Amino acid sequence: MPTELSIFLSSGFLLRALLAAVLVGFVTANLGVFVVLRKMAFFSDAIAHASLTGIALGLLFGIHPVLGAVVFSVLVAVGIVYIQKRSTMAIDTVIGVFFSAAIALGVLLISLLPGYRADLFGYLFGDILAVSRIDLIVLGCVAAGSIVLVGWSYRAWLAIAFHGDLAQISGVRVQRMEYLFLVTLALVVALGIKLVGTVLIGSLIVIPAAAAKNVAPNVRSLFGLAMLFGVSSGVFGLLAAYALDIAAGPAIVITATAIFGVSFLFKR
Amino acid sequence: MNLLAVHNVSVRYRDRMVVDHVDFTVDRGDVVAIIGPNGSGKTTLLKAILGMVTPSEGAVHWHGNPRIGYVPQRVDLERGFPMTVEELLLLKLTDRPFWRHDRATHHRVSTELARVGADKLIEKRVSELSGGELQRVLIAFALVDRPDVLCLDEPSSGIDMEGEETIYSLIHRLSEQEKLTVLLVSHDLDVVFKYATKVICINRKLMCAGVPSRVLTPEMIQQAYAGTATHYKHGRHSTHAH
């Protein structure tokens, strides 16, 4: 095993994958805290799945697929909030409609793509071992951007998670911060596509934060534990994938789920 | 000059008129109780006053930009919500990340909580507080900004009878000590007679406004609650109207 580990660490593409896993694990878990506190797990999953349609649109019109994913995810998120605020429908119904429609449109658009697209599988389930130096730089920039956004907004998002009206009276511009949250969520979804793909990125946002919430005595430790669990899921999932010769994306999500299982045993 | 003037305010939700041309004023130092039967538009009126709901007609005018503290009727937190009482107050008390707060800030949180007799709750999770404890903490949260006006929506909901009396005594003490103007939505007529200097009784429309002992006659109460009301005594000396 020490020999295998040294081979792992001396391999450029594996090291890049490891760095990507740390970055994505850190950022998704950080934002995941707000997703879990605001009971938006289904919402974030819908945005993640909708990014598939954005990728298909990008491939169809020759735009960078990840940019397509960000733009389409933001549109779906804003659409869900817009319809929900202007109707008497329950939020999960609205999400359900958008979620199904986005998936159907995505599959339809993919069927229109000419020829066989091997890269689509990577967008669906992630292809972390194919992370290039440029990918890593883009990942780093998006991660830094989302960390700045979270750092600037966490106080307002926490106040909204506690009580929206109270936050508004305390001077938080609730609607503006809600939309900023959606944009950040879409950015983080796009960030994770390379790692675990559109199908599993929702789980990487929700599971580490949910595991942390099981055991954290306060919000301070909730952030710390969520980031620890997110990074650990990425690193140990990748190592497990390498050792067992299995797909990295699912291995990372299963590692996160295992951490959640253990945290559930120690639930407060 | 009046601190607050509510000019002919109506609030409509789609086709339904929830508040219908309500008009009254509030002076500095008043303790105003907004009362009325269930579904009479009390909470909506308070939200219109606070700017959380836009009136479909009329206007709300505050004079002199007063600072406003608000205590909502309900905070629906799931049991696992991990925020502690200290972390809640730190959202207002410091601009620094709250994992980096110092001893002085901790002392300030403790002092703020002591004002409402809740300093022992500082390390507790907000989601694990009883109804009465949560109300105290929410009042402390509202008072952090040193407001001129304190608005409370049914401050006794979810609290047992004894806790209810304690919360109203606390509000009364704070209003006198801090020279606060208080607007509170209540269904408890005893509270109105005991603590309020002014009552606004609505049943979508304004039924009466003025000094409780003058305007709240049995006939007026009967009319405001439109025959569906029951005025009953429970406990030793509490009268509620629903």
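Computed from a prediction, not measured in an experiment: that's the story for all the values here. To find a chain, count down the sequence lines: A is the first, B the second, and so on, and within it residues start at 1.
In this structure, OH in B:Tyr70 is found 11.0 Å from OG in A:Ser170, a value given to the nearest 0.5 Å. How far CG of B:Asp76 is from CZ of A:Phe162: 10.5 Å, rounded to the nearest 0.5 Å. Separating the CG atom in A:Leu166 from the CG atom in B:Leu138 is a distance of 6.5 Å, to the nearest 0.5 Å. To the nearest 0.5 Å, atom CG of residue A:Asn218 and atom CZ of residue B:Arg125 are 8.0 Å apart.
Contact count against chain A (heavy-atom pairs under 4.5 Å) is highest for B:Leu88 among B:Leu88, B:Val144, B:Asp145. Taking chain A as the reference chain and counting heavy-atom pairs below 4.5 Å, the highest number among B:Ser127, B:Pro72, B:Gly80, B:Cys151 is found for B:Pro72.
For B:Val126, the part sitting under 4.5 Å from any heavy atom of chain A is the side chain, from C-beta outward, and nothing else. Only the backbone of A:Arg86 has a heavy atom closer than 4.5 Å to any heavy atom of chain B. Contact annotation for A:Lys267: neither backbone nor side-chain heavy atoms come within less than 4.5 Å of a heavy atom of chain B. Contacts of A:Leu222 with chain B are made by side-chain atoms alone, with heavy-atom separations under 4.5 Å and no backbone atom involved. Using a 4.5 Å cut-off between heavy atoms, A:Val36 touches chain B through its backbone atoms (N, CA, C, O) alone.
Checked by atom type and distance alone, the side chain of A:Gln168 never pairs as donor or acceptor with a backbone atom of B:Met52 at under 3.5 Å. Checked by atom type and distance alone, the side chain of A:His163 never pairs as donor or acceptor with a backbone atom of B:Leu77 at under 3.5 Å.
Listed here is the closest heavy atom pair of A:Val219 and B:Glu87: N-OE1, 2.9 Å. The two residues B:Pro82 and A:Leu37 have their closest heavy-atom pair at CD-CD2, 3.5 Å. The shortest heavy-atom contact between A:Ile169 and B:Ile68 is CG2-O, 3.9 Å.
No more than 12 heavy atoms of other residues, nucleotides or ligands sit less than 6.0 Å from atom CZ of A:Phe264. Within 6.0 Å of CZ in B:Arg173 there are more than 12 heavy atoms belonging to other residues, nucleotides or ligands. Counting non-hydrogen atoms of other residues, nucleotides and ligands closer than 6.0 Å to CD of A:Gln175 gives a total of 12 or fewer. Around CZ of B:Arg16, the count of heavy atoms belonging to other residues, nucleotides or ligands within 6.0 Å does not exceed 12. Counted within 6.0 Å of CZ on B:Arg204, heavy atoms from surrounding residues, nucleotides or ligands total 12 or fewer; the atom is thus considered open.
Between A:Arg220 and B:Glu86, none of the side-chain N atoms (NZ, or NE/NH1/NH2) sits under 4.0 Å from a carboxylate O, so this pair counts as no salt bridge.
Applying the side-chain hydrogen bond (donor to acceptor under 3.5 Å, both in side chains) criterion to B:Arg79, with sequence neighbours excluded, gives no partner residue.
Two residues are said to be in side-chain contact when any heavy atoms from C-beta on lie closer than 4.5 Å; B:Leu91 and A:Leu158 meet this criterion.
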- Message: Please evaluate residues B:Lys92 and A:Arg155 with respect to the criterion side chain to side chain contact (heavy atoms under 4.5 Å, CB included), reporting the C-alpha separation (whole Å), side-chain torsions for both, the decisive distance (0.1 Å), and the verdict.
- Response: CA-CA 9 Å; B:Lys92 274 192 178 180; A:Arg155 220 169 251 288; over 6 Å; no
